[in-house]
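Data first, discussion second: the structure below is written as C-alpha cells.
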Amino acid sequence: MRDPAPTTIYLKDYSPFGYIVDSVHLTFDLAPHATRVTSRIAFRPNPQATDRTFFLHGEELNLIRASIDGTPITPEVTDKGLTANVPDAPFVWEAEVEIDPGNNTALEGLYMSNGMYCTQCEAEGFRKITFYPDRPDVMSTFTVRINGDLPVLLSNGNPTGTGEGWAEWTDPWPKPAYLFALVAGELVAYSDSFTTRSGRHVDLNLWVRPGDEGKCAFGMEALKRSMKWDEDVYGREYDLDVFNIVAVDDFNMGAMENKGLNIFNSSAVLASPETSTDANFERIEAIIAHEYFHNWTGNRITCRDWFQLCLKEGLTVFRDAQFTSDMRSAPVKRIHDVIDLRARQFPEDNGPLSHPVRPESFQEINNFYTATVYEKGAEVIGMLKTLVGDEAYSKALDLYFERHDGQACTIEDWLKVFEDTTGRDLTQFKRWYSQSGTPRVKVQEDWADGTYTLTLSQSTPPTPGQPEKLPQVIPVAVGLLGPNGDEVRGTEVLELTEARQSFTFEGLAARPVASILRGFSAPVILEHDRPNAERAFLLAHDTDPFNRWEAGRTLAQDTLLRMITQDAAPDAEYLDGLLAVLRDADLDPAYRALMLGLPTQSELAAALHEQGETPDPMAIWRAVETLRQATAQHMQDLLPRLHSEALVDGPYSPDADQAGKRALGSAALALTTRLDGGAMAAEVYAKADNMTLQLSALSCLPRAGKGQAELAAFYDQWRHDRLVLDKWFGLQASLAAPDDAPRIARALCEHPDFNWKNPNRFRALMGGLAMNHAGFHHASGASYALLADWLIRLDPVNPQTTARMCTAFQTWKRYDADRQDLIRAQLTRIAETPNLSRDTTEMISRILGA
Ligand code: 0A1
Ligand code: ZN
C-alpha cells in the first residue's frame with residue numbers, strides 16, 4: 001500500500017464499531033494467483049455505538065460481488081475499504097473477493113511460502129483477505145470452509161467436516177479477525193495429545209515440511225509442559241479439541257497465537273541437537289509457551305484497540321518468563337532478561353523512537369511491536385506483582401479472567417482488577433504506561449549513630465513528545481550486608497514515589513554495604529557512585545544472585561569506561577573478583593558463564609554518551625579486546641579446570657544443567673583462544689557433535705585471525721539446512737574485524753544463498769552487521785550505505801521487515817559529527833525513495849526526529 005499522506009491514529013479518538021458481528025462464514029477456493037474468498041457475515045446494530053457508518057476495511061482486494069440480505073449492492077470502494085447503506089436492523093452481508101497470495105511478498109494476509117498457503121493477520125492483515133471490520137474489539141465465531149487440492153487444510157477451532165479436496169473448521173470462541181488463520185499445504189504432522197485437568201482430550205499436531213519431522217520432538221514437549229504449567233500456576237485450561245502448530249520458513253516475526261492454529265517461524269519451533277544451539281532450544285521453549293499462553297491472555301481476553309497491545313503482550317511475556325524461570329534457573333533467566341532489556345529496550349527508550357508502553361498515537365501499528373511494549377510491558381507487570389505481593393497478584397488474575405473472559409479490554413480494566421482486589425490506588429502506577437523514557441534513580445548514602453539512610457532521587461530525561469515527567473512509583477528492593485559479608489537486613493521493597501525520598505535503617509552495629517535494586521526490581525538506570533571496593537565486596541558476598549552478577553557487571557563497565565576515556569589499565573579489583581567467582585565450583589556453571597560476559601559495545605557507547613562524552617567505536621572495541629586479553633591472562637591457570645567442569649556426560653540434552661556447562665565451556669574457550677591462537681577452538685570444532693559446540697568453537701576462530709577453512713567446511717556441511725545457513729551468514733557479519741566488516745558483509749550479499757526476500761536470511765546478515773558495533777560504525781560509512789541500499793531494495797517487497805531493520809540507525813545521535821552526517825545522508829536517501837512504504841516512512845521520520 002502506498003500512502004502519500006500517512007494519517008495518524010490517536011488513542012483518544014476511540015469509538016466502538018456501529019455493528020455487532022454475530023457470526024462469520026468464510027469459503028476459500030484456493031488458487032495461487034486467484035484465490036476466491038466468499039464471506040457471509042451476520043451483523044446487527046450495536047446499541048453501545050452512536051456512529052452507524054457501515055465501513056469495512058479492505059486492501060488489495062478485487063471485489064467480485066456483494067449483497068445485503070440476498071440483494072446485490074454496489075458499495076463505494078476505496079483503497080482502504082468500502083462503505084454501504086445498510087438496514088437499521090440485523091442483516092446478512094455477503095461478498096466475494098479475489099486475492100493473489102502467490103504475489104504477496106509482504107507476508108501479511110494470505111501468502112505463499114514454499115508452495116504452502118498461510119496467513120498472518122495481526123495486526124491488520126485480515127483486511128487483505130476480505131472486507132471486514134478489522135479491529136480487535138469486533139469479536140465473532142468463525143466457520144471456515146477450505147476448497148483446495150492440497151492434502152492438509154487447516155483453520156482455527158475444531159474440525160467439523162472433511163472430504164476429498166475440502167475441509168471445514170468451526171471456532172466456537174468469539175475472536176477478533178487478527179486471530180484468524182488458514183494453512184494449506186503438503187505438510188506432515190508430528191502428533192501427540194494432552195488431557196486437560198478437567199479431562200478434555202486434546203490432539204496436538206506440529207505440522208512441518210516433509211523432512212523436518214525429526215526436529216519436532218522438543219517443541220512438542222515444550223507445548224505439553226506449557227499446557228500443564230498454565231493449569232498449575234494460573235488455573236488456565238485449554239478450550240478446544242485440537243491444538244495445531246505450523247512451521248513456516250517465510251515469516252516476519254517469531255510466531256503468532258492464532259486461535260487453535262499457531263503459526264511459527266520455523267526458526268522458533270524446529271530443533272535438533274545437530275542443528276540448534278542451546279540458546280535456540282531455550283528460545284523455542286519460551287516462544288511455544290508464549291504463544292500457548294496467549295490463548296488466555298490475548299485470545300479469550302483480547303485488546304479493545306491496538307493502543308492496548310501491552311495488555312496482551314506485556315502480560316504474556318511476563319508469563320513466559322515465569323515459565324522459563326520455573327523450567328530452568330530463575331536467576332539465570334532474570335539476568336538474561338535484563339541483558340536483553342538493556343540491549344534492546346533501553347536504546348529504544350532513550351532515543352528518537354521512545355514511546356510509552358501504551359502509545360497514544362501511531363501511523364503504522366506494525367511499528368509498535370517493540371521491546372518497549374513487550375519487554376518493558378512485562379517489567380511493568382513484574383513491578384505490579386512486587387508491589388501487591390504474590391497472593392494479591394494471583395487473586396487479581398483470577399478476577400481478571402472471571403470478569404473479562406470473552407471481552408476486548410483496556411489497561412484501565414487491567415488495573416481495576418488490582419485496585420478491586422487490593423484496595424490500592426494505582427493512579428500513579430499508571431504512569432508506567434503513559435510516560436516514556438527510562439527513569440534514572442540516583443543513590444545517596446548517609447551513616448551516623450547506627451542509622452543508615454538511603455536517599456533516592458528519580459528523574460526521567462525528556463523523550464519525544466514528553467518534555468516533562470512526573471515521579472513514578474518505583475519499587476526498589478534493598479538488602480544490607482554487614483562488614484563480614486553477612487546479610488544484616490534481608491530484602492525489603494522500598495516504594496519510591498516522590499522525586500526525592502529518604503529511607504532509614506536503624507540499630508545497625510556497623511556501616512552496611514547496601515545491595516540496591518535487587519533482582520532488578522524496576523526497569524531503571526541506577527546511578528550510584530561508590531568505591532570499587534564496595535562493588536568487589538558485593539561481587540564476593542551479595543546474597544541476591546542478580547545483584548551479585550550486577551556488581552561484576554558494574555565493575556567491568558567502570559574499568560572499560562576508564563580504559564576508554566583515561567587510557568587506564570584493566571582494573572585489578574575486577575579481575576581478582578571475577579577470578580574468585582569463577583573459582584567457586586559451588587556456583588552454577590551457567591551463572592559463572594554470565595559472570596564472564598561484558599557490557600555490549602553499544603551499551604558502552606550509551607554509557608559514554610550519558611557521561612557527556614562522544615563514543616569512539618574503535619576505542620571501545622580496542623578497550624574490550626584489551627580487557628578480554630587481560631582476563632584471559634589473569635585466568636590462565638583456572639582455564640583448564642573450567643574446561644573440565646564444563647564437560648558433559650552422556651548424550652546431548654538441551655536442559656539447563658547441560659546448557660549451563662556448555663555456556664561456561666564456551667566462555668572459557670573464547671578466553672583460551674586469546675592465549676593459544678585458536679588451537680583448542682579448532683580442535684573442539686573438529687570434534688563437535690552438536691551445534692552449540694560447533695558454533696561456539698567456530699565463533700572463536702575469526703577473532704584469532706583463523707577459521708577460513710572451518711567456515712568453508714561449515715558451509716559445505718550445512719548448505720542444505722536453511723536455519724543453520726542463517727547462522728553462517730550472521731556469524732561472519734557480526735564477528736568480522738571492524739575494518740573487514742563492510743567488505744565481508746558486501747561479499748555475503750553477493751552469495752547465491754543470500755535469499756534476501758526471506759526475513760530470517762535478511763535479518764541474519766543485516767542484523768549481524770548492525771550488531772557488529774565497530775564494524776557497523778566503520779568511519780568510511782560503508783556499512784551504513786550497504787544497509788541503506790538493502791533497506792531501499794527490500795521496502796517494496798516487505799515493508800514490515802524493512803521498517804524493523806531501520807532501528808539499526810536509532811542511536812545515531814550518540815556519535816561524532818562525521819558519523820552523524822554519514823548516517824543522516826543515508827536516512828535522507830531512504831526517506832526520499834519514491835513510493836516508500838508507510839511502515840518505513842514512519843520509522844525514518846521518527847529516527848530523523850522530523
Ligand atoms: N502476537 C505475536 C507477534 C506478532 C505480531 C505481529 C505479527 O505480524 C505483523 C506477527 C506476530 C506474538 O506476540 O508472538
Ligand atoms: Zn505475544
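Remember, it's a predicted structure, so these values are computed and weren't measured experimentally. Positions are given from 1 along the sequence. Just follow the structure's listing: the first ligand is 1, and inside any ligand the first atom is 1.
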Item checked: Glu257-ligand 1 polar pair, N/O distance under 3.5 Å -> yes
Checklist line | Per-atom contacts of ligand 1 with Gln800, taking only distances under 4.0 Å to non-hydrogen atoms | finding: 8 (O), 9 (C)
Notebook entry, point to check: Taking the six-membered ring for Trp, are Phe180 and Phe28 parallel (under 30°), tilted (30 to 60°) or perpendicular (over 60°)?
Noted result: parallel
Margin query: In terms of relative ring orientation, are Tyr369 and Trp306 parallel, tilted or perpendicular, with 30° and 60° separating the classes?
Written below: tilted
Check: Any idea which atoms of ligand 1 are less than 4.0 Å away from a heavy-atom of Tyr374?
Finding: 1 (N), 2 (C), 3 (C), 12 (C), 13 (O)
Check: Strictly under 4.0 Å, does any heavy atom of Asn366 approach an atom of ligand 1?
Finding: yes
Check: When the ring planes of Phe362 and Phe368 are compared, do they come out parallel, tilted or perpendicular, using 30° and 60° as the limits?
Finding: tilted
Margin query: Within 2.8 Å of the Zn ion (ligand 2), is there any N, O or S atom belonging to Glu313?
Written below: yes
Notebook entry, point to check: So Glu257 and Lys312, salt bridge (charged side-chain N to carboxylate O under 4.0 Å, His left out) or not? Walk me through it.
Noted result: CA-CA 11 Å; Glu257 70 263 24; Lys312 72 178 178 83; 2.7 Å; yes
Next item on the list: Between His294 and ligand 1, find which residue part has any heavy-atom pair under 4.0 Å and reply side chain, backbone, both or neither.
Entry: side chain
Item checked: Nearest protein heavy atom with distance in Å, relative to atom 8 (O) of ligand 1 -> Glu122 O, 3.1 Å
Checklist line | Arg334 NZ/CZ over Phe520 ring centroid, <6.0 Å and within 45° of normal | finding: no
Check: Which of the atoms in ligand 1, numbered in the order shown and given with their element, are less than 4.0 Å from a heavy-atom of Met256?
Finding: 1 (N), 2 (C), 11 (C)
Next item on the list: Any atoms of ligand 1 less than 4.0 Å from a non-hydrogen atom of Lys312? List them with their elements.
Entry: 1 (N)
Margin query: I want to know if ligand 1 touches Ala255 in the polar sense, i.e. an N/O pair below 3.5 angstrom.
Written below: yes
Checklist line | Ligand-side contact atoms (ligand 1) for residue partner Glu313, heavy atom cut-off under 4.0 Å | finding: 1 (N), 12 (C), 13 (O)
Item checked: Angle at the Zn ion (ligand 2) (to 10°), with one arm to NE2 of His290 and the other to NE2 of His294 -> 100°
Checklist line | Under 4.0 Å to a heavy atom of Gln120 - the qualifying atoms of ligand 1, by number | finding: 7 (C), 8 (O), 10 (C)
